[in-house]
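Below is one structure, written out as structure tokens, with a few remarks after it.
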Amino acid sequence: MSKDIEKEKQLAAKEAVKFINDYRVVGLGTGSTADYAIREIGDMVKNGLNIQAVPTSNKTKLLAQSFNIPLVDINTVDSIDITIDGADAFTEDLILIKGGGGALLKEKVVASIAKEVIIIVDSSKKASLAGKFKVPVEVIPFASRYVLNQIHLINGIGNIRLSGDQPFITEHCNFIVDVDFGRIDDLDFLSYKLNSIEGIVAHGLFIKLASKVIMGENDSTVAFKVK
Ligand code: 5RP
């Protein structure tokens with residue numbers, strides 16, 4: 001049976017929004033799966049749900065505004081109750097790779113502030129811990145050559161992400177470097193190493209941030225929780 005990936009994303013989104021209650025501050029993720037959740041939240045707001053939302057990108061902000069979801073400036077709140085976001089890959093240990101859409105910096109800030117981080121994915125996103133990943137890294141342009149050299153020293157091959165024939169520029173005016181580390185055995189150590197390189201603003205390894213991953217699989221959903 002061929003998989004209907006869009007349906008799986010939608011099912012995961014519908015399941016995740018059940019965790020949103022009234023009077024909450026809600027983080028809104030970025031990407032096609034998060035968009036399904038935003039649409040659901042839009043319907044809930046239309047039906048009386050009273051929340052304030054923090055978008056993780058300009059694209060998400062525009063979508064939320066189109067559904068009249070009330071937005072709040074992140075710097076006016078001390079915490080976010082729940083955030084719902086997608087991922088490019090996840091493991092059963094709830095380690096995520098994010099940044100395919102280039103919004104990882106705000107996504108990581110929101111996930112760090114949020115009390116509950118629900119990740120919604122289709123079944124193609126399930127990966128094994130020692131799998132092969134490309135890790136997106138947000139880099140200030142001034143440091144890009146230095147960062148590429150430092151990444152090389154830790155056995156990564158980095159390429160500046162392009163949009164057409166020009167570097168892709170993030171909302172924070174930075175580059176994204178997609179790094180191929182081949183087989184990664186120790187993601188914690190890799191995260192530590194990347195955090196130690198000056199010029200890297202954020203990287204797409206999200207470790208110990210997700211509370212739950214809800215994966216759509218065929219006609220239902222499966223939840224993976226912190227063990
Ligand atoms: C954006 C992200 C997205 O959550 C990730 O790329 C998944 O996107 P999609 O739901 O479209 O597959 O990290 O920075």
Side-chain angles (χ1 to χ4, degrees), residues 3-17 26-41 53-64 74 80 82-91 94-114 116-127 131-139 159-163 167-180 187 191 194 200-217 221-222 224:
K3 290 192 172 183
D4 184 342
I5 294 296
E6 292 309 311
K7 187 176 169 192
E8 290 185 349
K9 291 178 184 182
Q10 216 169 344
L11 282 172
K14 275 182 189 287
E15 191 58 29
V17 298
V26 178
L28 303 175
T30 296
S32 59
T33 319
D35 284 355
Y36 282 117
I38 295 163
R39 287 194 180 88
E40 293 292 331
I41 295 168
V54 176
T56 54
S57 63
N58 289 336
K59 191 169 166 281
T60 288
K61 182 178 176 180
L62 290 176
L63 187 65
I74 190 169
I80 290 171
I82 180 170
T83 188
I84 299 178
D85 202 348
D88 299 304
F90 78 97
T91 70
L94 304 200
I95 293 172
L96 317 173
I97 304 271
K98 287 185 53 56
L104 68 146
L105 179 52
K106 278 190 191 161
E107 289 173 336
K108 205 167 203 178
V109 172
V110 167
S112 302
I113 298 172
E116 194 172 4
V117 177
I118 301 191
I119 298 300
I120 49 176
V121 288
D122 62 78
S123 58
S124 71
K125 304 289 181 65
K126 193 157 177 278
K132 280 189 160 196
F133 300 108
K134 274 198 180 165
V135 181
V137 174
E138 181 154 349
V139 177
N159 282 299
I160 295 175
R161 189 180 293 177
L162 298 178
S163 172
F168 171 90
I169 305 291
T170 70
E171 284 180 18
H172 311 280
C173 300
N174 294 320
F175 291 167
I176 297 284
V177 173
D178 291 300
V179 190
D180 189 346
L187 292 167
S191 169
L194 289 171
I200 291 183
V201 189
H203 61 74
L205 278 172
F206 282 44
I207 300 175
K208 297 193 181 91
L209 283 176
S211 330
K212 187 183 288 168
V213 174
I214 299 176
M215 180 181 84
E217 190 167 43
T221 58
V222 188
F224 299 87

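Starting from 1, each residue takes its place in the sequence as its number. Both ligands and their constituent atoms are indexed starting at 1 by order of listing.
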Check whether T56 reaches the backbone of L28 with its side chain - one donor and one acceptor, N or O, closer than 3.5 Å. yes
So if I only count non-hydrogen atoms and take anything under 4.0 Å from ligand 1, which residues does that give, chain by chain? T30, G31, S32, T33, D85, G86, A87, D88, K98, G99, G100, G101, G102, A103, L104, E107, K125
S123 versus K3, side-chain donor and acceptor atoms under 3.5 Å: yes
Once side chain to side chain contact (heavy atoms under 4.5 Å, CB included) is applied, do any residues pair with K14, and if so which ones, sequence neighbours excluded? E40
With S191, which residues qualify under side chain to side chain donor-acceptor pair (under 3.5 Å), at least two apart? H203
Taking side chain to side chain contact (heavy atoms under 4.5 Å, CB included) as the test, write out the residues that go with T83, two or more places apart. V110, A114, V117
Main-chain N/O of T30 paired with D85 side-chain donor or acceptor, under 3.5 Å: yes
